[in-house]
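Residues: numbered from 1 along the sequence shown. We count ligands from 1, going down the list as the structure has it; atoms in each ligand are counted the same way.
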Amino acid sequence: MFWNLRNSIDFLLRQHVHISRKNYKENNEDKNSLDFTKSELELESLLLNKYNFYYYKNNSTIPNYCQNLYILNLLDKYLSPVKNEKFSILDVGSKNWYYVQAEYSYFKKYCNELNLDGVEIDAYRLYSNFYNRFEVAKYYINNLQGVNYIPNDVMNINKQYDYIIWILPFVLIEPHRFWGLPDRYFNPEKLFEHVYLLLKKNGKMLIINQGEEEFNTQKNIMSGLKYESLLLDNMFYKYKHERYLSIIEKE
Ligand SMILES: C[S@@+](CC[C@H](N)C(=O)[O-])C[C@H]1O[C@@H](n2cnc3c(N)ncnc32)[C@H](O)[C@@H]1O
């Protein structure tokens, strides 16, 4: 009750009060101090060449580079798109979209024209430096053609997509509240049903969950659908909780 009231008031304020200031920016960090294992180094070199990722290695912070390599690696390992003229991709719950470069570089390799949309319901949530997620996302998507950050509820999206990426959906109420969202937005089954409708026939949805409880809840939500799941390794970035990947193919 208390959480919901507090979250509802804060959420409403965030949607309407925006501070304006200099554009957000991060500085490159030297990657020589990275302590990758031998197999990570080999894989890094493969990914850098295959996806032309050197530019990002030379223009990113160390944690951000590692998180992007983590995502690029799992897209490379578990998706295998057939080359197409055009792809439309949706990222659900993008936060500040710190991993957009990995998604962009990956899908750009397999098409001539890329439309990549990231939707985030709480785009104006502030960081301690007083920049909000939207402002940080604008920095990450700068110069990426065909990429749009959409500050909105995914329930209001009605396009059709070839691939949908959904990293850490809120399937339990505690993290949903902890991250400051009002209870009225918590309906994981309804949300999933809607997102699934946005997927084209033969399209694929890739979902990552953290921890066994979230993963088991996710499996209940997906029951009846054609999907495969596995436990992810921690290549390039060590996450606190184990992460599970599910890939759903729309029949
Ligand atoms: C656990 S965070 C994951 C963020 C990001 N994908 C990542 O990997 O760090 C879940 C995100 O989903 C967003 N979200 C929750 N419900 C949503 C909805 N209905 N539409 C769009 N975004 C939503 C939340 O605001 C939050 O930023």
Side-chain angles (χ1 to χ4, degrees), residues 3-4 7-8 10-15 61 63-75 89-104 106 116-127 131-137 139-141 147-159 161 163-199 205-211 213-215 217-218 221 232 234 236-246:
W3 273 97
N4 188 31
N7 285 349
S8 297
D10 287 353
F11 184 80
L12 187 74
L13 282 175
R14 290 203 284 283
Q15 306 306 305
T61 63
N64 185 249
Y65 175 63
C66 295
Q67 287 166 322
N68 273 273
L69 272 185
Y70 175 91
I71 298 291
L72 186 58
N73 178 38
L74 70 87
L75 293 174
I89 318 291
L90 176 67
D91 182 86
V92 184
S94 309
K95 196 167 75 175
N96 60 21
W97 222 358
Y98 61 90
Y99 51 88
V100 63
Q101 189 73 44
E103 293 177 341
Y104 179 84
Y106 178 76
L116 173 57
D117 292 341
V119 60
E120 172 52 58
I121 198 171
D122 201 3
Y124 301 100
R125 195 172 166 84
L126 281 181
Y127 292 104
Y131 283 99
N132 65 41
R133 291 172 168 178
F134 197 171
E135 291 170 297
V136 178
Y139 167 75
Y140 288 131
I141 68 173
V147 177
N148 311 296
Y149 182 87
I150 306 168
N152 206 335
D153 185 343
V154 69
M155 296 301 285
N156 296 326
I157 301 285
N158 285 303
K159 274 167 67 174
Y161 294 93
Y163 290 90
I164 296 180
I165 315 289
W166 202 350
I167 307 176
L168 310 184
F170 290 143
V171 292
L172 302 175
I173 186 76
E174 294 81 7
H176 175 98
R177 283 186 180 146
F178 183 76
W179 282 58
L181 290 182
D183 284 9
R184 67 180 180 281
Y185 292 113
F186 184 73
N187 194 337
E189 286 85 7
K190 210 171 114 206
L191 211 60
F192 180 85
E193 245 173 63
H194 177 76
V195 174
Y196 187 70
L197 285 177
L198 305 182
L199 199 56
M205 179 166 8
L206 185 153
I207 300 181
I208 298 177
N209 297 106
Q210 64 177 7
E213 194 184 356
E214 290 196 14
F215 177 51
T217 312
Q218 184 71 58
I221 294 172
L232 287 167
N234 266 336
F236 302 119
Y237 199 84
K238 314 283 170 257
Y239 286 102
K240 204 164 127 201
H241 303 287
E242 71 262 357
R243 292 186 165 210
Y244 297 86
L245 172 78
S246 302

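- In this structure, W97 has no heavy atom closer than 4.0 Å to ligand 1.
- Annotation: atom 3 (C) of ligand 1 to nearest protein heavy atom, I167 O, 3.4 Å.
- The atoms of ligand 1 that sit less than 4.0 Å from any heavy atom of D122 are 25 (O).
- When the heavy atoms of V92, I165, V154 are ranked by distance to atom 20 (N) of ligand 1, first place goes to V154.
- Looking at atom 10 (C) of ligand 1, its nearest protein heavy atom turns out to be L168 O, 3.5 Å.
- Of all the heavy atoms of D91, none lies under 4.0 Å from any atom of ligand 1, so neither backbone nor side chain is involved.
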Quick one: side chains of residues 164-181, donor-acceptor pairs under 3.5 Å with protein atoms, not counting sequence neighbours, listed by atom name and distance.
unit_1	atom_1	unit_2	atom_2	d
H176	NE2	P182	O	2.9
R177	NE	D183	OD1	3.0
R177	NE	D183	OD2	3.4
R177	NH2	D183	OD2	2.8

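- Contact between W166 and ligand 1 is absent, with no heavy atom of the residue lying under 4.0 Å from the ligand.
- In this structure, atom 15 (C) of ligand 1 lies nearest to the protein heavy atom L181 CD1, 3.6 Å.
- Residues L90 and V154 approach most closely at CD2-CG2, 4.3 Å, considering heavy atoms.
- Looking only at heavy atoms of the protein, atom 18 (C) of ligand 1 is closest to D153 OD1, 3.6 Å.
- The aromatic rings of Y196 and F192 sit parallel to each other, their planes meeting at less than 30°, with 60° as the upper class boundary.
- Between the N64 side chain and the Y98 main chain, a donor and an acceptor come within less than 3.5 Å of each other.
- Judged purely by distance below 3.5 Å, without hydrogens or angles, the side chains of W97 and E103 pair a donor atom with an acceptor atom.
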For M155 and Y185, run side chain to side chain contact (heavy atoms under 4.5 Å, CB included): C-alpha distance rounded to whole Å, both residues' side-chain angles, the deciding distance at 0.1 Å, then the answer. CA-CA 10 Å; M155 296 301 285; Y185 292 113; over 6 Å; no
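- Ring geometry for Y244 against F215 counts as parallel: the plane angle stays under 30°, on a 0 to 90° scale with 60° as the upper cut.
- Here the heavy atom of the protein found nearest to atom 22 (N) of ligand 1 is I121 N, 3.2 Å.
- Closest protein heavy atom to atom 9 (O) of ligand 1: Y98 OH, 3.1 Å.
- Residue-ligand proximity: E120 is placed with a non-hydrogen atom under 4.0 Å from ligand 1.
- Using a 4.0 Å heavy-atom cutoff, I208 is absent from the residues neighbouring ligand 1.
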Might you work through the side chain to side chain contact (heavy atoms under 4.5 Å, CB included) test for L191 and V92, ending with a clear yes or no? CA-CA 10 Å; L191 211 60; V92 184; 6.0 Å; no
Determine whether Q101 and N68 satisfy the following criterion, side chain to side chain donor-acceptor pair (under 3.5 Å), listing intermediate values before the conclusion. CA-CA 7 Å; Q101 189 73 44; N68 273 273; over 6 Å; no
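- Contact analysis puts F170 in contact with ligand 1, with a non-hydrogen atom separation below 4.0 angstrom.
- Using 4.0 Å as the threshold, R133 has a heavy atom nearer than that to some atom of ligand 1.
- Looking only at heavy atoms of the protein, atom 5 (C) of ligand 1 is closest to G93 O, 3.3 Å.
- Checked by atom type and distance alone, the side chain of N148 never pairs as donor or acceptor with a backbone atom of I150 at under 3.5 Å.
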